[in-house]
Amino acid sequence: MVCGGFACSRNALCALNVVYVLVGLLLIGVAAWGKGFGIVSSIHIIGGVLAVGFFLLLIAIVGLIGAVNHHQVMLFFYMIILGLVFLFQFGVSCSCLALSKSKQESLLSGAWGMLDNETRSTWEKRLNCCGFFNKTTPKDRGSTEHCSAECWESSSPCITCGVKMMEHADEALKILGGVGLFFSFTEILGVWLAMRYRNQKDPRANPSAFL
């Protein structure tokens, strides 16, 4: 069987959808990791990545079922939705990579300002940091500032929470943007392959049946 036949197209489409499942899980996992540092609430682009990962995972499962069964209707909707996912994923990925550090800082600073004292204390303990980008120091015991981080209690130098959150935000955006942008182009291949496979004759089917 030469590559390009029915079986080859089916296997290639199945393999491509397995890759989409893995990419969808990766996007969801990294976005959830970013959410663990409170990034999603302030950088809404990552919320879009969660949506892309979910829909990519869902459409990949539909594509797998459609490819295995050579289901005409499922393959048709697979092509349409995968094309829409490509457009949305391409836009979100470019936005992740294009978001400047000053914009990230502005978004995170706004989110930090809306947190209550208890939530700030929780993040200071978790990240072992003090304040956002303020210049207060734990060695200044005359200061009215208070910090819940371990470094403050031990009189050790404390990194501001803004610096740590910026590191995590920048890393998450680069991973999500790079992975999303690279695999978005493979979705064009997926649409073409599904269209080609959908119009091929199943040798196991009734010869008198259409497609």
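Values reported hereafter were calculated over all heavy atoms of this structure, with side chains retained and with hydrogens, waters and symmetry mates removed. Bear in mind the structure is a predicted one, so any value in this text is a computation, not a measurement.
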Quick one: are [X] and [Y] in side-chain contact, heavy atoms under 4.5 Å?
X: V19; Y: T186; value: no
X: S95; Y: V92; value: no
X: V62; Y: F77; value: no
X: C129; Y: V163; value: no
X: L57; Y: L25; value: yes
X: H70; Y: R10; value: no

Look up atom [atom1] in [X] and atom [atom2] in [Y], then write down how far apart they are to the nearest 0.5 Å.
X: I59; Y: L82; atom1: CD1; atom2: CG; value: 6.5 Å
X: N17; Y: L13; atom1: CG; atom2: CG; value: 5.0 Å
X: L176; Y: L26; atom1: CG; atom2: CG; value: 8.0 Å
X: M195; Y: Q200; atom1: CE; atom2: CD; value: 13.0 Å
X: H71; Y: Y78; atom1: NE2; atom2: OH; value: 15.5 Å
X: L84; Y: M79; atom1: CG; atom2: CE; value: 12.0 Å

Atom of L97, atom of K174 and distance for their closest heavy-atom approach =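 Between these two residues, the closest heavy atoms are CD2-O, 4.1 Å.
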Which atom pair, heavy atoms only, marks the closest approach of S9 to R196?
->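 The pair with the smallest heavy-atom distance is OG-NH1, 2.8 Å.
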Check for me, please, whether [X] and [Y] land in the same ILVMFWY cluster - side-chain distances under 4.5 Å, paths through other members count.
X: I175; Y: L181; answer: no
X: V191; Y: L193; answer: yes
X: V23; Y: I61; answer: yes
X: I80; Y: L87; answer: no
X: V85; Y: W192; answer: yes

Side chain of [X], backbone of [Y]: donor and acceptor closer than 3.5 Å?
X: E187; Y: G83; answer: no
X: Q89; Y: V52; answer: no
X: S93; Y: F90; answer: no
X: Y197; Y: A67; answer: yes

